[in-house]
Amino acid sequence: KGGVGKSTVTTNLAVAMAEKGYAVGLADADLHGPNIPKLLNAESIRLQSTEEGIVPYETRNGLKVASLGFLIEDPNMHIAWRDAVKYDFIIELLGNINWGKLDYLLFDLPPGTGNEQITIIDFIGDVDGAVIVTTPQDLSLLDARKMISFVRDSNVPIVGVIENMSTLTCPHCNKEIDVFKRGGGKNLAEELVLPYLGRIPLDGEIAIRSDNGEPVVLSSPDSLAAKAFITLAENCHKFLHPEN
């Protein structure tokens with residue numbers, strides 16, 4: 001669902017994996033709201049084309065990134081494309097970006113179960129897994145169920161469920177406040193027999209760091225939020241590589 005923090009989660013998850021030494025790519029497939037450049041303080045970046053393909057932007061910790069946001073001059077410009085044009089761009093994103101050899105390629109997807117998701121699954125043919133991001137709120141869980149149904153019908157393994165904006169810790173008394181309730185993601189995972197990857201706290205620091213283009217995993221590595229993302233990265237790796 002829109003507004004559950006998919007872009008923030010995907011970015012920090014990718015950064016956490018890169019920090020653990022994996023070769024990681026991050027493809028921004030949300031064509032109507034390409035927010036990854038903002039989250040990485042890279043809005044001024046423009047991708048370059050070579051004989052080997054388009055070179056992705058590379059962060060200081062080695063994360064390779066491609067986004068429509070790197071190709072448009074005005075970040076306030078709306079994108080109103082028909083599905084045929086979306087299809088062509090996604091194929092460009094997947095086929096003509098010179099990603100090199102990667103351990104992981106993460107996609108930040110738009111809300112819903114539309115053309116972008118179908119095109120990516122069809123083009124790759126063997127997607128290793130999907131991560132479901134939700135908040136504890138019933139409205140978010142309703143859309144998460146629809147995505148789970150779509151992923152299962154598409155024969156894509158589900159890595160697990162992440163509960164974002166789970167609790168707020170009061171800075172004065174250190175008590176936890178359930179702003180959007182608590183446990184909805186875990187309950188959903190148990191109900192549908194899926195792995196529960198963990199929860200991310202509702203932390204204003206995440207919002208501040210994200211607005212400044214500083215993933216909390218890098219800018220505040222000792223925070224509870226950063227540690228939560230690192231745990232999520234480890235759990236995703238364990239799912240995809242159970243032998244390790």
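Counting begins at 1 with the first residue of the sequence.
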What are the two closest non-hydrogen atoms of [X] and [Y], and how far apart are they?
| X | Y | value |
| --- | --- | --- |
| Ile206 | Pro201 | CD1-O, 3.8 Å |
| Gly185 | Leu141 | N-CD2, 4.1 Å |
| Ala29 | Glu116 | O-CG, 3.8 Å |
| Leu240 | Pro242 | C-CD, 3.5 Å |
| Ala189 | Tyr196 | CB-CB, 3.9 Å |
| Ala226 | Pro221 | CB-O, 3.6 Å |

Separation between [atom1] of [X] and [atom2] of [Y], rounded to the nearest 0.5 Å:
| X | Y | atom1 | atom2 | value |
| --- | --- | --- | --- | --- |
| Ser49 | Asn98 | OG | CG | 10.0 Å |
| Leu202 | Thr135 | CG | OG1 | 10.0 Å |
| Leu188 | Arg145 | CG | CZ | 5.0 Å |
| Ile79 | Leu68 | CD1 | CG | 5.0 Å |
| Leu63 | Glu19 | CG | CD | 10.0 Å |
| Cys236 | Leu13 | SG | CG | 5.0 Å |

Does Asp28 have any side chain to side chain donor-acceptor pair (under 3.5 Å) partners at least two apart in sequence or in another chain, and if so, which? Ser67

I'd like to know if the side chain of [X] reaches the main chain of [Y], judged simply by a donor and an acceptor atom lying under 3.5 Å from each other, with no hydrogens or angles considered.
| X | Y | result |
| --- | --- | --- |
| Lys64 | Trp99 | yes |
| Thr10 | Lys6 | yes |
| Lys38 | Glu43 | no |
| Asn164 | Val4 | yes |
| Thr231 | Lys227 | yes |
| Asp103 | Ala23 | yes |
| Glu163 | Gly184 | yes |
| Asp108 | Thr11 | no |

Name the one of Ile54, Val65, Val55, Leu105 that satisfies side-chain contact (heavy atoms from CB on, under 4.5 Å) with Ile97?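 Going through Ile54, Val65, Val55, Leu105 one by one, the side-chain contact (heavy atoms from CB on, under 4.5 Å) with Ile97 is satisfied by Ile54 alone.
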
For Asn212 and Arg209: C-alpha separation, side-chain torsions, deciding distance, then whether side chain to side chain contact (heavy atoms under 4.5 Å, CB included) applies. CA-CA 5 Å; Asn212 291 335; Arg209 301 287 185 178; 5.7 Å; no

A side-chain contact here means heavy atoms from C-beta on lying under 4.5 Å apart; do [X] and [Y] qualify?
| X | Y | answer |
| --- | --- | --- |
| Thr113 | Gln117 | no |
| Phe89 | Leu71 | yes |
| Leu40 | Pro215 | yes |
| Ile45 | Pro37 | no |
| Phe229 | Leu232 | yes |
| Asn115 | Trp81 | no |
| Tyr22 | Leu102 | no |
| Asp143 | Lys146 | yes |

Are [Y] and [X] linked, directly or through intermediate hydrophobic residues, by side-chain heavy-atom contacts shorter than 4.5 Å (ILVMFWY only)?
| X | Y | answer |
| --- | --- | --- |
| Ile120 | Ile118 | yes |
| Ile200 | Leu194 | yes |
| Met165 | Leu139 | no |
| Ile132 | Leu192 | yes |
| Leu197 | Val156 | yes |

Within the supplied structure, the quantity of interest is the number of heavy atoms (other residues, nucleotides, ligands) at a distance under 6.0 Å from [X] [atom1]; does it exceed 12?
| X | atom1 | answer |
| --- | --- | --- |
| Phe239 | CZ | yes |
| Leu224 | CG | no |
| Arg82 | CZ | no |
| Gln48 | CD | no |

Residues forming a ring pair (Phe, Tyr, Trp, His ring centres under 6.0 Å) with Phe107, sequence neighbours excluded: none

Criterion side chain to side chain contact (heavy atoms under 4.5 Å, CB included) on Glu214 and Asn41, from CA distance to verdict: CA-CA 7 Å; Glu214 305 169 345; Asn41 194 25; over 6 Å; no

Audit row: Met17, Leu106, side chain to side chain contact (heavy atoms under 4.5 Å, CB included) steps and yes/no: CA-CA 10 Å; Met17 287 180 162; Leu106 280 68; 4.0 Å; yes

Worked check of side chain to side chain contact (heavy atoms under 4.5 Å, CB included) between Ile90 and Leu31: CA-CA 9 Å; Ile90 292 172; Leu31 306 185; 4.3 Å; yes

